[in-house]
Amino acid sequence: MRDKLSCFSENAVNLSHPSCSSYANTACVSPSLSPSVQNAVTCLYKITLSTTKKQFLVTVSWCKNHYAQGLSIKFGDDPLTSFKLNTNSRLFRKKKGTKVFESPESSKMEIIWDLSKAKYDATGPEPVDGFYILVMVDSEIGLILGDMAEEAMTKKFKTSTPVSKVSLISRQEHYSGSSTLYSTKAQFSDTGISHNIVIRCSGENEGLKHPVLSVSIDTKTVIRVKRLQWNFRGNQTIFVDGLLVDLMWDVHDWFFNNPSSRYAVFMFRTRSGMDSRLWLEEKMVQKEQEKVEFSLLIYACKSS
């Protein structure tokens, strides 16, 4: 009997073996093209305490628009354990400090942050360096974000302070603009490497009779969808770092919806070889507490 994983590999694109791909092993975008603007990022983390094994979900969101740039952190679904910071407001410039919460389960949550020297990329809402955010849960070090986090931990905590296990469960990115070029990075497992992902829709202004969707990972094209206006929904299985990753696209609204609400959705989701079913949004919501897979969800708003 063949290995179960081989059943999936027959129609999957293997990122590590060029011969397994039916597409050209070249980047699907010219360096002269400008990507769309990323204006919001939301990451969902699962924290597992090392002492009690209790689990907590922490949502970290970054946003940016013409008027403000901010950060919000939420513990579970309780609105009383949420923290918001407008990093460029004239009325609220507290870019470093601490905030303590208590959850309904009587767990103590503490956020320690310093964004006073944070540097931001012009194309996104997240700081790239010069900052740290630490989340403490019941006196354990939970979430650790930022290039200055290790230095801050050394100064603030004893070496014996327990450290929780943290997994990035999902990441959502929102883009807007007239360009249909989207560039991001993703790490598909806790021990994997970061990969460059480029999504591009080519149109008639580039000499093509019909729109074409191309997705590349580390400059290798993993899917190419021709006649996109008729193939506006679909999925493809690819292999990345030895993992099965389901890639889904839905660009229906780009072609058949009101110009003011033309959103497309792209999703990458890891799954085990034993799971023969493709993901569904309803399934994700129902098993949010127990899932260990990673998903990257991209919302792309196309303006005229």
Side-chain angles (χ1 to χ4, degrees), residues 39-64 68-87 92 94-115 125-127 131-146 149 152-153 156-157 161-174 186-190 265 267-271 275 279-299:
N39 44 38
V41 173
T42 298
C43 295
L44 178 64
Y45 298 90
K46 181 171 70 174
I47 297 177
T48 304
L49 300 186
S50 63
T51 51
T52 63
K53 305 304 179 182
K54 291 175 64 175
Q55 294 184 344
F56 300 86
L57 294 179
V58 179
T59 304
V60 179
S61 300
W62 302 88
C63 63
K64 178 182 179 181
Q69 184 163 0
L71 160 71
S72 68
I73 300 176
K74 183 175 67 171
F75 296 91
D77 295 322
D78 187 356
L80 299 178
T81 58
S82 61
F83 165 79
K84 293 184 179 181
L85 177 65
N86 192 341
T87 59
F92 186 23
K94 193 176 181 182
K95 295 187 177 182
K96 61 186 300 184
T98 62
K99 182 76 173 180
V100 179
F101 305 94
E102 187 170 313
S103 73
E105 298 83 13
S106 299
S107 293
K108 180 183 177 182
M109 318 285 195
E110 182 178 8
I111 302 172
I112 308 169
W113 76 93
D114 187 347
L115 302 175
E126 295 176 288
F131 79 104
Y132 70 82
I133 298 172
L134 304 175
V135 174
M136 303 288 294
V137 181
D138 289 341
S139 301
E140 284 197 24
I141 300 174
L143 191 58
I144 304 170
L145 300 176
M153 288 168 50
K156 295 180 180 294
F157 307 115
T161 302
V163 180
S164 304
K165 178 183 178 181
V166 179
S167 297
L168 176 59
I169 294 178
S170 68
R171 178 180 171 92
Q172 296 183 15
E173 302 180 1
H174 292 251
Q187 183 176 325
F188 292 97
S189 68
D190 293 338
V265 180
M267 187 170 187
F268 301 78
R269 181 181 183 268
T270 61
R271 62 183 168 102
D275 186 0
W279 60 269
L280 293 173
E281 185 174 358
E282 292 81 2
K283 177 185 174 184
M284 290 180 60
V285 173
Q286 294 170 0
K287 296 193 174 182
E288 187 104 303
Q289 298 286 343
E290 61 187 60
K291 68 178 183 179
V292 295
E293 294 92 352
F294 167 75
S295 61
L296 169 65
L297 187 61
I298 296 175
Y299 291 95

Checklist entry - Measuring from Lys99:NZ to Ile111:CD1, what's the distance to the nearest 0.5 Å? => result 8.5 Å
Checklist entry - Given the rule in the side chain to side chain contact (heavy atoms under 4.5 Å, CB included) test, do Ser170 and Leu297 qualify, once you have shown the distances and angles that lead to the verdict? => result CA-CA 8 Å; Ser170 68; Leu297 187 61; over 6 Å; no
Next on the checklist: Run the side chain to side chain contact (heavy atoms under 4.5 Å, CB included) test on Leu85 and Leu115 for me, step by step, so that the C-alpha distance in whole Å, both residues' side-chain angles and the decisive distance to 0.1 Å come before the verdict.
Outcome noted: CA-CA 10 Å; Leu85 177 65; Leu115 302 175; 3.8 Å; yes
Item to check | CE-CG distance between Met136 and Leu143, expressed to the nearest 0.5 angstrom | outcome: 12.0 Å
Checklist outcome for this item: Here the gap from Ile144 atom CD1 to Tyr45 atom OH, rounded to the nearest 0.5 Å, amounts to 11.5 Å
Next on the checklist: Return the CD1 to CD1 distance between Ile112 and Ile141, rounded to the nearest 0.5 Å.
Outcome noted: 8.5 Å
Next on the checklist: Give me the atom names and distance for the closest heavy-atom approach of Ser167 to Asp190.
Outcome noted: OG-OD2, 3.1 Å
Checklist entry - Between Glu140 and Ser50, is there a donor-acceptor pair closer than 3.5 Å when you use the side chain of the first and the backbone of the second? => result yes
Next on the checklist: Is there a side chain to side chain contact (heavy atoms under 4.5 Å, CB included) between Leu296 and Glu173? Walk through the geometry before answering.
Outcome noted: CA-CA 8 Å; Leu296 169 65; Glu173 302 180 1; 3.9 Å; yes
Next on the checklist: Minimum heavy-atom separation for Ser164 and Leu49, please, with both atom names.
Outcome noted: OG-CD2, 3.4 Å
Checklist entry - Do the rings of Phe188 and Phe294 sit parallel, tilted or perpendicular, given the 30° and 60° boundaries? => result perpendicular
Item to check | Of Ile133, Val135, Leu71, the residue whose pairing with Trp113 passes side-chain contact (heavy atoms from CB on, under 4.5 Å) | outcome: Ile133
Next on the checklist: Is it the case that atom NZ in Lys54 sees more than 12 heavy atoms from other parts of the structure closer than 6.0 Å?
Outcome noted: yes
Checklist entry - Sub-3.5 Å donor-acceptor pair from the side chain of Asp138 to the main-chain atoms of Lys108, do we have one? => result yes
Checklist outcome for this item: For Arg171 and Cys43 the tightest heavy-atom approach is NH1-SG, 3.4 Å
Next on the checklist: Less than 4.5 Å apart, side chain to side chain, heavy atoms only: is that true for Tyr299 and Val265?
Outcome noted: yes
Item to check | CD1-NZ distance between Ile73 and Lys84, expressed to the nearest 0.5 angstrom | outcome: 12.5 Å
Next on the checklist: Within this structure, what is the CH2-CG distance for the pair Trp62 and Leu145, rounded to the nearest 0.5 Å?
Outcome noted: 7.5 Å
Checklist entry - Donor-acceptor pair, Glu126 side chain versus Val41 backbone, under 3.5 Å? => result no
Next on the checklist: Check Lys156 with Glu110, please: is the shortest side-chain N to carboxylate O separation under 4.0 Å?
Outcome noted: no
Checklist entry - Is a side-chain donor or acceptor of Thr270 paired with a backbone partner of Glu293 at a separation under 3.5 angstrom? => result no
